[in-house]
Amino acid sequence: MDARQLKIKAAETALEYVEDGMRLGIGTGSTAREFIALLGEKVASGFNVIGVPTSEATARQCLELGITLNSLDETPELDLTIDGADEIDPALNLIKGGGGALLREKIVASASKAMIVIADETKVVDCLGAFPLPIEVMPFGLGATRLAIERAASWLNLSGSLDLRQSGDGPYMTDGGHYIIDASFGRIHDAQALSDALNAIAGVVEHGLFIDIATLAIVASDGGVRTLKATE
Ligand SMILES: O=C(CO)[C@H](O)[C@H](O)COP(=O)(O)O
């Protein structure tokens, strides 16, 4: 199976967890896009959900498919969020934000009773960090924030390049009007400590470490689809 077929397989399985009438957080990225396409087919046949999108791109796709959308102001508590991930560790801690939507993704997933991650097998790792960690930062004070990130990382014996994500002629801009720094720290042995250190930096808006948020992962490979539950 090619990569797209694996994403569709994971998305199909995730759809089985969506019940009629659910308030649903809807993720961003190429795997989430396959899920939204399938959800759209179900909605077209009379199934009802209230979706809360995690990005403008997801909102556009949902609206094209006739999926009802609300904001988190209108619907502040969600039953379930379904989203992709860049890495998944055995405790179901994640790196997210490869698609640039990590802030809204974390807000939406945190407002949900459960979060199901959909992915192909390549996203499953023993230890987070091969994928550069996206860190969403304020454009104001970028140099100072970058230095603070470097220092915070070095206290945790982490180092590596901090690359300002680019798009076209300039820095990539998130839906929230922020920049993203992709931090290549390598293996992150203590994700909680790094999360705490990054959250303490004034110019950091959010980062792509999702700790204790995902409740289930649906992972597709050539051998079939398996579900992973968090291990302590
Ligand atoms: O976090 C994300 C977007 O911010 C995506 O869920 C993540 O990048 C995975 O994307 P894909 O399904 O395209 O591999």
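In each ligand, atom 1 is the first atom listed, and ligand 1 is the first ligand listed. Count residues from 1 along the sequence.
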Suppose we measure from [atom] to each protein heavy atom; which comes out shortest, and what is that distance?
| atom | result |
| --- | --- |
| atom 11 (P) of ligand 1 | Ser30 OG, 3.3 Å |
| atom 7 (C) of ligand 1 | Asp86 OD1, 3.2 Å |
| atom 12 (O) of ligand 1 | Thr31 OG1, 2.5 Å |

Legend entry - Under 3.5 Å: donor-acceptor pair, side chain of Glu87, backbone of Ala130: yes
Legend entry - N/O donor-acceptor pair under 3.5 Å between Asp120 side chain and Ala3 backbone: no
Would you say that [X] contacts [Y] through its side chain, given a criterion of any heavy-atom pair below 4.5 Å between the two side chains?
| X | Y | result |
| --- | --- | --- |
| Phe131 | Leu133 | no |
| Arg187 | Cys127 | yes |
| Lys96 | Glu105 | yes |

Could you list the atoms of ligand 1 found under 4.0 angstrom from a heavy atom of [X]?
| X | result |
| --- | --- |
| Gly97 | 1 (O), 2 (C), 4 (O) |
| Gly84 | 6 (O) |
| Thr28 | 2 (C), 3 (C), 5 (C), 6 (O) |
| Gly99 | 2 (C), 3 (C), 4 (O), 8 (O) |
| Ala101 | 4 (O) |
| Glu105 | 1 (O), 2 (C), 3 (C), 4 (O), 6 (O) |
| Gly98 | 1 (O), 8 (O) |
| Gly29 | 13 (O) |

Legend entry - Sub-4.0 Å heavy-atom contact, Lys123 with ligand 1: yes
Inset, instruction - Among Asp83, Asp175, Thr28, find the one that has a side chain to side chain donor-acceptor pair (under 3.5 Å) with Thr58. - result: Thr28
Legend entry - Minimum heavy-atom distance between Asp222 and Met1, given as atom pair plus value: OD1-N, 3.1 Å
Legend entry - Over 12 foreign heavy atoms within 6.0 Å of CG, Asp2: yes
Legend entry - Ala85 and ligand 1 - part of the residue with a heavy-atom distance under 4.0 Å: backbone
Legend entry - Partners meeting salt bridge (charged side-chain N to carboxylate O under 4.0 Å, His left out) with Lys9 (sequence neighbours left out): Glu12
